[in-house]
Number of protein chains: 2
Amino acid sequence: MNIGQAAEASGVSAKMIRYYEQIGLIEPPARSQSGYRVYAEPNVHTLRFVRRARSLGFSVEETGSLLALWRDRSRASADVKSLALKHVAELEEKAAALQAMAATLRHLASHCHGDQRPDCPILDKIGSAS
Amino acid sequence: MNIGQAAEASGVSAKMIRYYEQIGLIEPPARSQSGYRVYAEPNVHTLRFVRRARSLGFSVEETGSLLALWRDRSRASADVKSLALKHVAELEEKAAALQAMAATLRHLASHCHGDQRPDCPILDKIGSAS
DNA sequence: GCTTGACCTTCCCATGATGGGAAGGTGTAG
DNA sequence: CTACACCTTCCCATCATGGGAAGGTCAAGC
């Protein structure tokens with residue numbers, strides 16, 4: 001399987017597969033005589049793991065830790081759980097920060113007429129609030 | 001006022017003030033004979049505006065639009081309000097995405113014993129779920 | 001066999017917002 | 001006059017991703 005097919009099968013772009021290999025997140029695959037990367041099913045499986053970890057908001061580095069845990073059959077599930085819950089806390093913190101911004105701005109907007117007149121408490125507040 | 005004092009007074013780092021100037025977000029300030037940037041109160045006011053817009057999650061480019069609206073005394077408040085509400089929608093979308101990740105992961109974690117045993121539904125799911 | 005087009009390779013550049021730091025000039029207080 | 005704090009510009013790094021150029025490879029069709 002060439003990189004294009006591995007990309008198709010895993011949902012990870014060819015560009016990113018090469019990048020993940022370059023930074024050491026995934027193992028370099030076999031190469032054909034002409035230098036093409038050749039992927040087998042286990043490689044694709046790993047790529048899918050990476051894609052899903054990324055889609056759960058883990059950074060590439062954290063994904064590397066997850067991969068290591070995944071491959072280590074003797075790890076304690078407590079290690080995985082603590083990593084996951086720490087990440088959950090970070091996600092929730094970021095979500096809360098975004099929602100606080102949205103709430104503030106929505107509040108400002110609710111006081112803005114939104115018509116032809118220039119008066120606008122949104123800009124007034126951004127320009128003078130503490 | 002030199003750039004350090006303007007940074008102190010506005011809450012924007014000297015590095016970022018130079019960057020904002022370089023990309024054209026803010027006007028180049030006056031210069032002293034020796035080439036030092038010299039800021040007056042209106043400059044600091046603008047910097048504070050930028051800082052607050054950024055802290056509400058507006059990108060630098062969006063902040064530029066807000067600045068233009070702020071300086072344009074004849075703009076309609078409807079223009080400001082629509083920009084603000086569009087941004088609110090984006091913020092809420094991002095927050096919802098993060099919370100969905102957190103919820104998924106929290107759900108997976110709730111099924112993980114978190115003890116010395118290696119079995120872990122978190123990794124199992126990341127490794128095999130669709 | 002030869003051409004064509006789809007694929008692959010590596011290499012470099014760009015993004016967005018920010019910080020770090022080097023090399024060198026300036027300004028001020030003691 | 002010497003320190004020291006500040007300023008200047010310039011380059012580099014981050015994080016994850018995409019774009020694209022220049023050139024090699026492979027398979028299908030003529």
Side-chain angles (χ1 to χ4, degrees), chain A residues 1-26 28-40 43-44 46-67 87 90-91 94 97-98 101, chain B residues 1-26 28-40 43-44 46-67 87 90-91 94 97-98 101:
Chain A
M1 194 179 344
N2 286 342
I3 199 170
Q5 287 146 347
E8 179 78 13
S10 66
V12 180
S13 73
K15 276 275 189 190
M16 291 314 298
I17 295 176
R18 292 193 197 98
Y19 172 70
Y20 290 154
E21 178 189 334
Q22 188 204 318
I23 63 173
L25 178 66
I26 60 176
R31 294 278 185 148
S32 73
Q33 280 193 328
S34 58
Y36 283 21
R37 289 173 178 80
V38 177
Y39 297 88
N43 303 106
V44 174
T46 299
L47 286 170
R48 273 195 283 257
F49 182 98
V50 170
R51 177 176 58 75
R52 287 187 205 111
R54 298 282 301 115
S55 77
L56 286 173
F58 288 97
S59 69
V60 169
E61 190 174 358
E62 288 166 332
T63 300
S65 304
L66 285 177
L67 261 181
H87 184 58
E90 288 170 6
L91 289 171
K94 283 182 199 167
L98 290 176
M101 290 178 197
Chain B
M1 196 181 340
N2 285 342
I3 198 172
Q5 287 145 347
E8 178 77 13
S10 66
V12 179
S13 73
K15 276 278 190 188
M16 291 313 299
I17 295 176
R18 291 192 198 99
Y19 172 71
Y20 291 154
E21 178 188 334
Q22 187 203 320
I23 63 173
L25 178 66
I26 59 177
R31 295 275 184 149
S32 72
Q33 279 194 329
S34 58
Y36 284 20
R37 289 173 179 80
V38 177
Y39 297 88
N43 304 107
V44 173
T46 299
L47 286 170
R48 273 196 283 257
F49 182 99
V50 170
R51 176 176 59 76
R52 286 186 204 113
R54 297 282 301 115
S55 77
L56 286 173
F58 288 97
S59 70
V60 168
E61 191 174 358
E62 290 166 331
T63 300
S65 304
L66 284 178
L67 260 181
H87 184 60
E90 289 169 7
L91 288 172
K94 283 182 198 166
L98 290 176
M101 291 178 196

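Below, chains carry the letters A, B, ... as their sequence lines are ordered, and counting in each starts from 1.
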Is the shortest heavy-atom distance from the side chain of B/Glu90 to the side chain of B/Glu62 under 4.5 Å? yes
Rounded to the nearest Å, what distance is computed from the CZ atom of residue A/Arg51 to the C1' atom of nucleotide D/dA16? 17 Å
Output the distance between atom CE (B/Met16) and atom CZ (B/Arg51), rounded to the nearest 0.5 Å. 13.5 Å
What is the distance from atom NE2 of B/His87 to atom OG of B/Ser65, rounded to the nearest 0.5 Å? 11.5 Å
A/Tyr20 and A/Val12: side chain to side chain contact (heavy atoms under 4.5 Å, CB included), yes or no, with the steps? CA-CA 10 Å; A/Tyr20 290 154; A/Val12 180; 3.8 Å; yes
Going by number, which of residues 1-11 of chain B have a non-hydrogen atom under 4.0 Å from DNA chain C? none
Using whole Å, what does the distance between atom C1' of nucleotide D/dA16 and atom CD of A/Glu62 come to? 14 Å
Could you check how far CZ of B/Phe58 sits from C1' of C/dA17, rounded to whole Å? 17 Å
Among C/dC12, C/dT9, D/dT17, the nucleotide that comes nearest once only the side chain of A/Lys15 is considered: C/dC12
Between C/dA17 (C1') and B/Leu47 (CG): distance, integer Å: 16 Å
Any side-chain N or O of B/Arg37 less than 4.0 Å from the OP1 or OP2 oxygen of D/dT9? yes
At what distance, to the nearest 0.5 angstrom, does OH of B/Tyr19 lie from CD1 of B/Ile26? 12.0 Å
Protein-nucleotides 24-26 of chain D N/O pairs closer than 3.5 Å?
from   : atom 1 : to      : atom 2 : distance (Å)
D/dG24 : N2     : A/Tyr36 : OH     : 2.7
D/dT25 : O4'    : A/Tyr36 : OH     : 3.2
D/dT25 : O3'    : A/Ser34 : OG     : 3.4
D/dT25 : O2     : A/Tyr36 : OH     : 3.4
D/dC26 : OP1    : A/Ser34 : OG     : 2.8

Looking only at side-chain N and O atoms, does A/Tyr20 come under 4.0 Å of OP1 or OP2 in D/dA16? no
Below 4.0 angstrom from OP1 or OP2 of C/dT10, is there any side-chain N or O of A/Arg31? yes
Under 4.0 Å between a side-chain N/O of A/Arg18 and OP1 or OP2 of C/dC11, yes or no? no
State whether the number of non-hydrogen atoms from other residues, nucleotides or ligands found under 6.0 Å of B/Glu8 atom CD is greater than 12. no
OP1 or OP2 of D/dG18 versus the side-chain N and O atoms of A/Ser13: is any pair under 4.0 Å? yes
Would you kindly give the CZ-to-P distance between B/Arg54 and C/dG16, to the nearest whole Å? 12 Å
Tell me: CD1 of B/Ile17 to C1' of D/dC6, nearest whole Å? 14 Å
Report the distance from atom CD1 of A/Ile23 to atom P of D/dA13, rounded to the nearest whole Å. 16 Å
Rounded off to whole Å, could you give me the CD-to-P distance for the A/Gln22 and D/dG18 pair? 15 Å
